[in-house]
Amino acid sequence: MNINKIAVFSCTTLALVTLWWWHTRPAPVTPPQEEDELPIVLPAPLVSEESLSLPEPKAIPASSLAPSPVATTLTPGGGHYIDTPWEEAEPGSDLPLTRPARSDIEFIRAIALTDDALGQAQPGDVVSLSLPDGRTLQARVTGTALQAGGRRNWQGEVEVEGEPYPVNFTFGKETAFGFIGTPQGSFTLETLRGQGWIYMTPPLDDSHTDALPPRS
C-alpha cells in the first residue's frame, strides 16, 4: 500500500468517526434563568375590592333634621310657669331710674327685665318672683285688666306661711310698676325701658290681704 492510499483511508475514517460523534452527542443543556429574570407571580387577594367598598350613604330626611319642639311648662291648673322674668343688673350700669331715696328701704336690688313675659302673664299662670332678701315666691295670676292710656294690669297672690298676700303689676309703654305683699313687708318693683329696682318697704298692717291699687 503506498502513501497515497494510506492518506485517503485515514481521511475517510476520520470523516466517518466525526459524523458518528455528531449524531450520538448529548443534547445541549439550557442554562437556568437568572433570579431576576424569573417571572413574578403575585398571590391572589384574600379580600376582593367589591367587599371593601363602603355602602352608599343614605339621604337623611329633612324632617329628621328639624329641631325638636320646645316643651311648654304647664302648671297643675293649666297655666304657664314663668321663671323669674328679671335678672340682677350689671354693677355700675347706667340705669334710667335713679336709686329710690327712701330712708325706710331694708333690701334693694338693681334689676333688668329679661323679656316681656312678666307683662304678658294670664290668669292661671304662675310667676316666680325673686326678691332682694333672698326669697323666691310663686305668684298665681288671678285676673287681668286694661286701664286708661292702654296700660295693662294683672293681679294675683302669693302664699306665705299659709296665708295669701296680694300681688299687683301694671305695665305702660316703657314702664312697669309692681307690688308684692308678704308678712315681713311689701316689695316694690319700678322699671323704665326694662331696667330699674326692686326693694322692700316696712311691714304691712293687718289689712295685707286687700290688694293695693296700682300706681297711676
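Everything numeric here is computed off the predicted structure, so don't read it as measured data. Side-chain atoms are counted along with the backbone in the values below, which use heavy atoms only and exclude waters and symmetry mates.
Within the 3.5 Å criterion, the main-chain N or O of S186 finds a donor-acceptor partner in the side chain of T201. Between the side chain of R109 and the backbone N or O of L131 there is at least one donor-acceptor pair closer than 3.5 Å. Here the side chain of T182 pairs a donor or acceptor atom with the backbone of G185 at under 3.5 angstrom. A distance-only check finds a donor-acceptor pair linking the side chain of N153 to the backbone of F169 [under 3.5 Å]. Checking side-chain atoms of T188 against main-chain N and O of F179 turns up no donor-acceptor pair under 3.5 Å. Without hydrogens or angle criteria, W86 side chain to G194 main chain gives no donor-acceptor distance under 3.5 Å.
Under the salt bridge (charged side-chain N to carboxylate O under 4.0 Å, His left out) criterion, D116 pairs with no residue, sequence neighbours left out. For E161, the side chain to side chain donor-acceptor pair (under 3.5 Å) partners two or more places apart in sequence, or in a different chain, are Q184. For L192, the side-chain contact (heavy atoms from CB on, under 4.5 Å) partners at least two apart in sequence or on another chain are P96, L97, E174, T175. Residues meeting the side-chain contact (heavy atoms from CB on, under 4.5 Å) test with E87, sequence neighbours left out: T114. Shown here are the side-chain contact (heavy atoms from CB on, under 4.5 Å) partners of A112, two or more places apart in sequence or in another chain: Q195. R152 pairs by the side-chain contact (heavy atoms from CB on, under 4.5 Å) definition with Q122, T144, W154, not counting sequence neighbours. R99 is linked by a salt bridge (charged side-chain N to carboxylate O under 4.0 Å, His left out) to nothing, counting only residues two or more places apart in sequence or in another chain.
Between F187 and D133 the shortest side-chain heavy-atom distance falls below 4.5 Å.
Of the listed residues (V126, I82, V127), just one forms a side-chain contact (heavy atoms from CB on, under 4.5 Å) with Q138, and that residue is V126.
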